[in-house]
A.B. asks: 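Quick one: this structure, given as structure tokens, is what I'll be asking you about.
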2 protein chains.
Amino acid sequence: MAYRRTDSVAARLADTRRHILNAARELVADGGFAAAQMTEVAKKAGVATGTLYRYFPSKEELCRQVFREVSAREMNVLVTIAQGEGSAAERLESVLRTFASRAIRGRRLAFALLAEPVDLGLAEERARFRRTHGEIFATILEEGITSGEFPSRDVRITAACIAGAIPTALIGPLAPESHELDEKSDKVVDEIMQFCLAGVGLLQPRIKMKTAEPRIRA
Amino acid sequence: MAYRRTDSVAARLADTRRHILNAARELVADGGFAAAQMTEVAKKAGVATGTLYRYFPSKEELCRQVFREVSAREMNVLVTIAQGEGSAAERLESVLRTFASRAIRGRRLAFALLAEPVDLGLAEERARFRRTHGEIFATILEEGITSGEFPSRDVRITAACIAGAIPTALIGPLAPESHELDEKSDKVVDEIMQFCLAGVGLLQPRIKMKTAEPRIRA
DNA sequence: GACAAATATGAATCGGTGTTCATTAAAATT
DNA sequence: AATTTTAATGAACACCGATTCATATTTGTC
């Protein structure tokens with residue numbers, strides 16, 4: 001009779017796969033994707049390099065997977081807020097603040113996702129990531145326009161502007177070394193939000209300065 | 001007696017150097033920096049690969065030089081406008097429109113400068129490029145705030161927002177293949193400007209829709 | 001024209017990483 | 001226990017473009 005994959009084996013395989021992904025993510029989290037070399041990933045995961053290729057067809061796919069997992073977490077947070085309670089303006093405000101302040105907290109990872117020089121494959125994932133951000137913003141904008149909270153605009157373009165403005169404004173401060181943000185971060189976030197909210201044409205951009213920071217861990 | 005470099009030789013050397021830079025720039029202009037391989041540059045410039053290394057210490061330096069030349073041209077255009085006649089609001093408007101519409105015209109080159117995945121060395125040049133954009137915007141903003149045209153803001157952060165918003169909003173459309181812009185470009189530019197001008201808090205953002213396009217070639 | 005110095009050449013080399021694969025170990029079936 | 005199938009190993013390999021360097025050519029002096 002032929003060989004049959006036992007549950008316990010399947011579990012161990014899944015476990016190894018997780019280990020590999022976690023190892024890769026940790027490397028990325030403190031050295032960027034540049035630090036995610038196959039040898040290092042293998043070492044950190046406690047497997048041989050060849051083993052990596054039993055779980056992922058190539059380095060590119062492994063990295064993409066890491067990118068997707070990390071970015072999916074961020075996007076879920078934003079989507080939850082975007083689809084939650086409150087007026088469009090309130091939700092936009094909350095989404096923007098969350099985006100920015102989470103990026104600041106998870107600096108290195110955020111830098112890797114948003115700004116680190118990466119190769120073609122990852123650049124593609126990054127583009128997807130940006131596009132999704134844009135869609136989240138665009139949805140809220142549409143609702144806000146419908147409800148009369150915002151003036152009429154091309155929501156795609158406006159959303160793209162927001163999706164570009166936030167990371168760029170954060171990048172100087174986001175650079176792996178800079179600790180400049182540890183004190184001024186609130187101010188930076190407020191300033192960015194003011195720009196974006198005014199940009200969409202929100203008429204009373206009174207920013208709630210004392211909103212509690214999002215409590216989900218990075 | 002010792003050898004002495006003749007004028008005619010000096011001229012020829014300078015000429016070769018130019019040829020190399022031009023060849024590289026042309027490759028970048030229609031294939032991005034990825035297409036600027038030393039072999040290709042040499043072929044296009046009509047010299048041997050080894051010769052390249054008599055003029056530039058490394059590929060990185062050659063590419064940086066190309067980046068600087070191309071970006072300097074763009075920045076000069078913007079600086080000229082920024083330091084020109086008119087109210088801060090008018091100049092900001094003009095700078096933004098020029099930035100965006102020039103990027104659209106020189107699509108491939110703009111994409112290479114602003115968005116193409118590049119290696120560390122070029123990423124550094126790109127960061128410098130962005131920073132300079134920011135400074136140009138920031139200067140105008142400061143003047144506008146002083147003159148009372150804009151509300152008071154942190155000009156560095158606001159400028160960074162603008163410097164990020166424009167390229168990102170253009171990127172989808174800027175991607176090498178997309179011809180989507182050939183028709184809609186005016187609309188896209190207007191929409192981006194509306195966002196940015198509103199973002200800085202310009203109170204009457206009546207955009208001059210019929211401003212002549214800048215006439216300097218890309 | 002002869003000699004020396006500078007310049008150009010391009011095939012061969014090098015370097016760094018991702019990937020492979022012959023071999024070994026582990027797990028499942030009879 | 002023997003046999004077969006799957007999983008893991010890691011040293012060797014492959015790749016690919018940047019870089020080098022021994023050689024040839026051109027230019028400058030006497």
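Quick note: numbers below take in every heavy atom, side chains included, and nothing from hydrogens, waters or symmetry partners. In the text below, chain A, chain B and the rest are named by the order of the sequence lines, each starting its count at 1. This structure is a prediction, so every number in the text was calculated from the model and none was measured.
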A.B. asks: Salt bridge between A/Glu191 and B/Arg156, side-chain N to carboxylate O under 4.0 Å?
C.D. replies: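 Salt bridge between A/Glu191 and B/Arg156, a charged N being under 4.0 Å from a carboxylate O: no.
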A.B. asks: A/Ser58 near the nucleic acid: base, sugar-phosphate alone, or nothing, with a heavy-atom cut-off under 4.0 Å?
C.D. replies: sugar-phosphate
A.B. asks: Rounded to the Å, how far apart are A/Ile20 CD1 and D/dA7 C1'?
C.D. replies: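 These atoms are roughly 12 Å apart.
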A.B. asks: Which atom pair, heavy atoms only, marks the closest approach of A/Thr168 to B/Ala160?
C.D. replies: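 Reported closest heavy-atom pair: CG2-O, 3.5 Å.
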A.B. asks: Nearest heavy atom decides the nucleotide; on that basis, is B/Gln37 or B/Val9 closer to the 5' end of DNA chain D?
C.D. replies: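 Counting from the 5' end, the first nearest nucleotide belongs to B/Gln37.
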A.B. asks: Starting at atom CD of A/Glu61, determine the distance to atom C1' of C/dT19, rounded to an integer number of angstrom.
C.D. replies: 15 Å
A.B. asks: Judged by modelled atom types alone, do A/Asn22 and A/Arg25 share a side-chain donor-acceptor pair under 3.5 Å?
C.D. replies: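 There is such a pair (donor and acceptor under 3.5 Å, judged by atom type) between the side chains of A/Asn22 and A/Arg25.
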A.B. asks: Salt bridge check: are B/Glu143 and B/Arg91 linked by an N-O gap of less than 4.0 Å?
C.D. replies: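 Yes, this pair counts.
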A.B. asks: Measure CZ/A/Arg64 against P/C/dG18 and give the value in whole Å, please.
C.D. replies: 16 Å
A.B. asks: Tabulated below should be each protein N or O lying under 3.5 Å from an N or O of nucleotides 8-11 of chain C; please produce it.
C.D. replies:
unit_1	atom_1	unit_2	atom_2	d
C/dA8	OP1	B/Arg12	NH1	3.2
C/dA8	OP1	B/Tyr55	OH	3.1
C/dA8	OP2	B/Tyr55	OH	3.2
C/dT9	OP2	B/Ala48	N	3.0
C/dT9	OP2	B/Thr51	OG1	2.5
C/dG10	N7	B/Thr49	OG1	3.4
C/dG10	N7	B/Gly50	N	3.1
C/dA11	N6	B/Thr49	OG1	3.3

A.B. asks: Over how many whole Å does the gap from B/Tyr53 atom OH to D/dT20 atom P extend?
C.D. replies: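 After rounding, the gap between these two atoms is 7 Å.
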A.B. asks: Report the distance from atom CZ of B/Phe56 to atom P of D/dT19, rounded to the nearest whole Å.
C.D. replies: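 Value for this atom pair: 13 Å.
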A.B. asks: Reckon A/Arg5 has a side-chain N or O less than 4.0 Å from the OP1 or OP2 of D/dT5?
C.D. replies: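 So the side chain of A/Arg5 is outside the cut-off, no N or O lying under 4.0 Å from OP1 or OP2 of D/dT5.
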A.B. asks: Starting from C1' on D/dG10, measure out to CE on A/Met38 and report it in whole angstrom.
C.D. replies: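 For the pair A/Met38 CE and D/dG10 C1', the rounded distance is 14 Å.
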A.B. asks: What's the CG-C1' distance between B/Leu62 and D/dG17, to the nearest Å?
C.D. replies: 14 Å
A.B. asks: Are the side chains of B/Arg108 and B/Val28 in contact, using a 4.5 Å heavy-atom criterion?
C.D. replies: no
A.B. asks: Could you list the donor-acceptor pairs under 3.5 angstrom formed between side-chain atoms of residues 49-59 of chain B and any protein atom two or more places apart in sequence or on another chain?
C.D. replies:
unit_1	atom_1	unit_2	atom_2	d
B/Thr51	OG1	B/Ala48	O	3.4
B/Ser58	OG	B/Glu60	N	3.4
B/Ser58	OG	B/Glu61	N	3.2

A.B. asks: Thinking salt bridges, do B/Arg64 and B/Glu124 make one under a 4.0 Å N-O criterion?
C.D. replies: yes
A.B. asks: Between D/dG17 atom P and B/Lys59 atom NZ, what is the distance in whole Å?
C.D. replies: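 Answer to the nearest Å: 9 Å.
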